[in-house]
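Residue numbers start from 1 in every chain, and the chains themselves are labelled A, B, ... in the order their sequence lines are given, proteins ahead of strands. The structure displayed is predicted, hence computed values, not measured ones.
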There are 2 protein chains.
Amino acid sequence: MAAKTDDSDPAIPPAIESAWGLRERPPKGPRPGLTVSGIVDAAVRVADADGLAAVSMSRVAKELGAATMALYRYVGSKDELLMLMVDAGYGPPPGPAAPDADWRTSLTRWAWAEHDVLRQRPWLLHVPITGPPITPQQLGWLEDGLRCLDGTTLAEGERMSALLLITGYVRNDATLTTQITEGSRAAGIEPGELMPAYARMVGRLIDPARFPSLSRVLASGVLNQDDDPDEEFTFGLDRILDGIEALIRRRAV
Amino acid sequence: MAAKTDDSDPAIPPAIESAWGLRERPPKGPRPGLTVSGIVDAAVRVADADGLAAVSMSRVAKELGAATMALYRYVGSKDELLMLMVDAGYGPPPGPAAPDADWRTSLTRWAWAEHDVLRQRPWLLHVPITGPPITPQQLGWLEDGLRCLDGTTLAEGERMSALLLITGYVRNDATLTTQITEGSRAAGIEPGELMPAYARMVGRLIDPARFPSLSRVLASGVLNQDDDPDEEFTFGLDRILDGIEALIRRRAV
DNA sequence: TCCTTCTGCGTATGTCGTACGCTGTAATGC
DNA sequence: GCATTACAGCGTACGACATACGCAGAAGGA
């Protein structure tokens, strides 16, 4: 029998071990000049400043005054670095809500917390997700979300589904909102002008006979007025929470 | 005054003009040996066979027996090609539902249609979205969705929000489902083994005292049993439709 | 016929991720 | 105190990739 930890299960990827602080420094060899968290912080700094596209291994290394290849002593690949960046970028979860708050209030707070993080760091949305959450902060967010539903009648599986539903919505909303910001900057027009310009372009392209309902939306002008994005967000969130509430009531019977 | 079309509005990108068939062949010069749609079809073929990552300009050109740079006579950039690939990949919208169907039945059908497309072509999810829909098929899907809500009490803006909500959900669900398929193939294990392996890894990493709710979910075993993905999908979709239904009823008062 | 205008595409450039292997360093075993 | 050894930093090199540029030849109009 090996004296190491149970190897019958799938091995934990090195990046994950780093993230959970399970990596011990080997007893021999030169002292490391860098740290994983230092590299991740530098990468996050680059992404915050210039977007995810600017995060290259050489750029991160430059940020640290190190050579490109030095980073590979700490992260196995760029994908690993990205995963650690997401963990650091999200940061610690919002923490438990007030103890007397009901599930709906708590979940609303939870959703807004993720909403705020994604507004702050839009590049998080551009990191391709490759699997279920496994890093410390990610699981922390999940834990906090589950706690919001602790007193409800939902089954465990339903709680997970409900949280997945909400996270998905938050990310989706943030993606769309971000696109308007980034798209207008790319097109060189003010953010408030993008949707009207879009509406005009669609109007020029489509034939009202083939697209009657869409034409009606265009004619109504709802696309031109830029409503508060936060109201948009609240609208969708309330729809989803209404749906979950209906389920909770049904389970309570 | 210029004799051309109204230029006071933002110019329509060349790729969009191609997609809408507004591109006329110039009267002079050699006959084009390729077509935009031929290039797009080839690119879709590559993506279907080997995934979006395999779609490089040279690979698509090879598929057509042409040189890499020949493609740039037809598409302005790879991003344009991607946009056209999405349009072609989605294909025509499902068409109007039965005339006597209520909005909920119609929207369910609409959501399932997108669901099916994304199951068939998971690479569609990996194409970074850069703006609101503008290509013919995309707007066709939107039109069909709007028609589902034609008889309801919702305002135009609310209809758009509701559709956005549903599309977002469908894409999100497909993303998660696809990750399990692609992730298990990458890890070299059967798809049915991925979630149990994930659950075991999480169980080894977390401290039950710090993650009580999450531990409870793990202990319940819901992650181990692989339930029907279609049931998962139906669950979330019904939650969202419940939420929309609640709004429709409130508006009807 | 000649000129314009377009197509196909060869060449070249710059950016990336990263495999490999050399050099020097720090702690251990003797 | 010294040899051993495992590891840190990183220079070099390679293969992909998107794409700018410009030339050769074809097709149609004058």
What is the distance from NZ of A:K78 to C1' of D:dA16, rounded to the nearest Å?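 These atoms are roughly 14 Å apart.
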Let me know the distance between OH of B:Y72 and P of D:dA20, rounded to the nearest Å.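 Taking OH of B:Y72 and P of D:dA20, I get 7 Å after rounding.
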Which word best sums up how the rings of A:F233 and A:W112 line up, parallel for under 30°, tilted for 30 to 60°, or perpendicular for over 60°?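 Correct class here is perpendicular.
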Check whether any side-chain N or O of B:R31 sits under 4.0 Å from OP1 or OP2 of D:dG28, and answer yes or no.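 True: B:R31 side-chain N/O within range (under 4.0 Å) of D:dG28 OP1/OP2.
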With nearest nucleotides of DNA chain C determined for A:R73 and A:T68 from heavy-atom distances, which residue corresponds to the more 5′ nucleotide?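 Between the two, 5'-proximity favours A:T68.
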If each of A:G76 and A:A54 is mapped to the nucleotide of DNA chain C with the nearest heavy atom, which maps nearer the 5' terminus, i.e. the 5' end?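 Its nearest nucleotide lies further toward 5', so the answer is A:A54.
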Would you classify A:S77 as touching base, sugar-phosphate or nothing, given that sugar-phosphate means primed atoms plus P, OP1 and OP2, and contacts are heavy atoms under 4.0 Å?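 Sugar-phosphate, backbone atoms only, no base.
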Assign B:M57 to base, sugar-phosphate, or nothing according to its heavy-atom contacts below 4.0 angstrom with the strands shown.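 Sugar-phosphate, backbone atoms only, no base.
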Would you say the ring centers of B:H126 and B:W123 fall short of 6.0 Å from each other?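 When the ring centroids of B:H126 and B:W123 are compared, they turn out to be at least 6.0 Å apart.
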Please answer whether the main-chain N or O of [Y] pairs with a side-chain N or O of [X] as donor and acceptor at a distance below 3.5 Å.
{"X": "B:W141", "Y": "B:P136", "result": "no"}
{"X": "A:E80", "Y": "A:G76", "result": "yes"}
{"X": "A:S184", "Y": "A:T181", "result": "yes"}
{"X": "B:Y90", "Y": "B:Q137", "result": "no"}

Toward the 5' end of DNA chain D, by each residue's nearest nucleotide, B:R59 or A:G33: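 Here A:G33 is the residue nearer the 5' end.
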Return whichever of B:V55 or B:K28 has its heavy-atom-nearest nucleotide of DNA chain D closer to the 5' end.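 The 5'-side residue here is B:V55.
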Could you tell me from which nucleotide to which nucleotide of DNA chain C, 5' to 3', there is an atom under 4.0 Å from chain B heavy atoms?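 Under 4.0 Å from chain B, the extent on DNA chain C is C:dT4 to C:dT11.
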